[in-house]
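Residues: numbered from 1 along the sequence shown. When reading the values below, keep in mind they use all heavy atoms of this one structure, side chains included, and skip hydrogens, waters and symmetry mates. In each ligand, atom 1 is the first atom listed, and ligand 1 is the first ligand listed. If you're wondering where the values come from, they're calculated on a predicted model, not measured in any experiment.
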Amino acid sequence: MKKKFLDLGRQPITNSFLNKNTIKKNRIKKEFFYNLSAGFNKKNYLVSIMNFVNPKKQYTNKYAHRASQSKTMNESFKKIATRLKKRFKPKKTLEIGSNDGVFIKNFKKDKVIAVEPCGNLAKITRQNNFKTYKDFWSQKLAKKILKNNNKVDLIYSANTISHIPNLSEVFKAVSLTLSKNGVFVFEDPYIGSVIKINSYDQFYDEHVHLFSLLSMLKILSKTDLSVFDVEIIKTHGGSIRFYVCKKNSNHKKTKNLKKLKLAETKQKLHKFSTYQRFSLRVKKSKKDLLNLLSKLKAKNKKIISYGATYKSTTVFNYCNIGKKFIDYVIDTTPNKQGKFTPGKHLPIISPEKGLDDNVDYAFLGAWNFEKEIVQKEKSFLKRGGKFIVHVPKVRII
Ligand code: TYD
């Protein structure tokens, strides 16, 4: 059913940062790799990766990503929480994939339920006295929640639904949990933006699907839910936010739906050839990035990477960029520091230690925070330091 259009080669699990011991004792051989390729489903227009990794390998008690590490994300979750409260006035809200509580902290503790499978993250929201279910989202969990709670008016989820292979199970569980006029709002990286800005690094083990409106309309047509509003937002280099309700509820479809449907049809997101052309641009991006890094290294420039992102793991493993080009990676996340990047084993250190005066170039692994980082690192730029960014084209800033 899925037709392959992109091959990003042998890749590790993006969240599995290695520790010193593993590197020292040469236990690296055990590192898990799989083949990362993406395909297009001609029937429902859904773009997904071809081979799914077992979620139990991914969402562990050592999950590294902390959503509250970025000022941009804190602000954007606060903004959407305020908007949703104003628009839908929910008595009770539930979040699927609550991470470290960056969204739910904008709600009163007795008005929100958190669902999070990663033990280390669920512990944080529990310690902050939020009702937290440490589990994967499923009909079984929904039934368990409903034993102690009424149906909820708002379910929210950011960067989680696209991580779940079985979408039919997701929507059945949502349908069980939502009140009659309740809404399900979820946002994930947008395939329309990926195609537009060539951000092929949005493909990795966790991003099982990359949604379009056209694909979501097809998928939901088989359920008792429907999309009544949609937005394209700037988050993570372009995301899509769906507003979903029960088909028999009182929510009216907005004009945004028609507009985006038209735009996606124009962009040909329902045609396989669009993805084939994208795949050629990805190959060119790899060539351009390797050419640039080789040129800089020939001039003995010191290059580091800024942000130990999952996205940069895709780039480094696909382009075969290791210690030959990049000295180390800097990242503000405490539980990434002192570790090594998956696959290429580049050491990760704090920006305070790593962004020293000898750094000539920093590859912007966290390009989705370009504005925030350029603002923060004015002195690096002032003294002649430069950033390398690979989207929409390989360039120096
Ligand atoms: P994220 O945007 O979640 O990307 P991905 O989903 O691909 O991992 O991660 C951003 C990373 O960049 C995160 O580890 C924190 C780090 N970061 C910094 O080190 N400094 C910064 O100023 C910002 C904004 C992020």
Side-chain angles (χ1 to χ4, degrees), residues 8 11-17 36 49 58-59 62-77 97-100 102-103 118 120-121 157-163 187-190 193-194 197 199-210 233-239 304-318 326 328-344 346-355 359 362-381 385 387 389-391 397:
L8 295 171
Q11 294 275 352
I13 291 185
T14 45
N15 179 46
S16 63
F17 295 90
L36 176 61
I49 61 173
Q58 299 168 302
Y59 307 105
K62 291 193 183 122
Y63 193 78
H65 175 76
R66 295 276 307 268
S68 61
Q69 283 300 309
S70 139
K71 196 171 145 230
T72 311
M73 291 315 290
N74 271 296
E75 282 166 4
S76 100
F77 281 119
S98 47
N99 198 273
D100 57 1
V102 66
F103 171 77
C118 303
N120 58 328
L121 299 173
S157 188
N159 306 307
T160 301
I161 303 307
S162 62
H163 296 199
E187 59 190 71
D188 288 275
Y190 179 46
S193 305
V194 170
I197 65 171
S199 47
Y200 67 87
D201 49 350
Q202 287 291 9
F203 287 101
Y204 54 84
D205 60 301
E206 290 187 10
H207 286 174
V208 167
H209 313 290
L210 287 174
I233 51 175
K234 284 193 185 136
T235 320
H236 291 307
S239 295
I304 64 157
S305 187
Y306 196 115
T309 58
Y310 299 171
K311 291 187 285 290
S312 61
T313 290
T314 294
V315 176
F316 292 164
N317 285 279
Y318 170 58
I326 307 276
Y328 50 80
V329 184
I330 55 170
D331 197 290
T332 50
T333 316
N335 55 336
K336 287 184 184 172
Q337 292 165 6
K339 297 204 173 130
F340 297 81
T341 64
K344 291 293 163 201
L346 299 164
I348 304 167
I349 58 176
S350 72
E352 292 76 38
K353 268 196 206 154
L355 204 59
V359 176
F363 174 77
L364 206 47
W367 57 264
N368 46 319
F369 295 114
E370 181 179 323
K371 227 167 135 191
E372 180 177 338
I373 292 169
V374 165
Q375 181 73 17
K376 200 159 86 178
E377 304 301 353
K378 270 188 200 141
S379 58
F380 168 68
L381 288 164
F387 287 110
V389 192
H390 74 290
V391 290
I397 50 171

Can you label the angle between the Phe77 ring and the Phe103 ring as parallel, tilted or perpendicular, going by 30° and 60°? perpendicular
Using 30° and 60° as the class boundaries, would you call the ring planes of Tyr318 and Tyr200 parallel, tilted or perpendicular? perpendicular
Output the distance between atom OH (Tyr63) and atom CG (Leu121), rounded to the nearest 0.5 Å. 8.0 Å
Need the list: ligand 1 N/O atoms against protein N/O atoms, distance under 3.5 Å, rounded to one decimal.
unit_1	atom_1	unit_2	atom_2	d
ligand 1	2 (O)	Asn368	ND2	2.8
ligand 1	3 (O)	His65	ND1	3.3
ligand 1	4 (O)	Lys311	NZ	3.0
ligand 1	6 (O)	Tyr204	OH	3.3
ligand 1	7 (O)	Tyr310	N	3.1
ligand 1	7 (O)	Lys311	N	2.9
ligand 1	7 (O)	Lys311	NZ	3.0
ligand 1	8 (O)	Tyr310	N	2.8
ligand 1	14 (O)	Asp331	OD1	3.1
ligand 1	14 (O)	Asp331	OD2	2.7
ligand 1	14 (O)	Thr333	OG1	3.3
ligand 1	14 (O)	Lys336	NZ	2.6
ligand 1	19 (O)	Thr332	N	2.9
ligand 1	19 (O)	Thr332	OG1	3.3
ligand 1	22 (O)	Lys376	NZ	2.4

Listed partners of Ser193 passing side chain to side chain contact (heavy atoms under 4.5 Å, CB included), at least two apart: Tyr190
Excluding sequence neighbours, so at least two apart, what forms ring-ring contact (aromatic ring centres under 6.0 Å, His included) with Phe380? Phe387
Residues that Thr309 engages under side-chain hydrogen bond (donor to acceptor under 3.5 Å, both in side chains), provided they are two or more places apart: Ser312
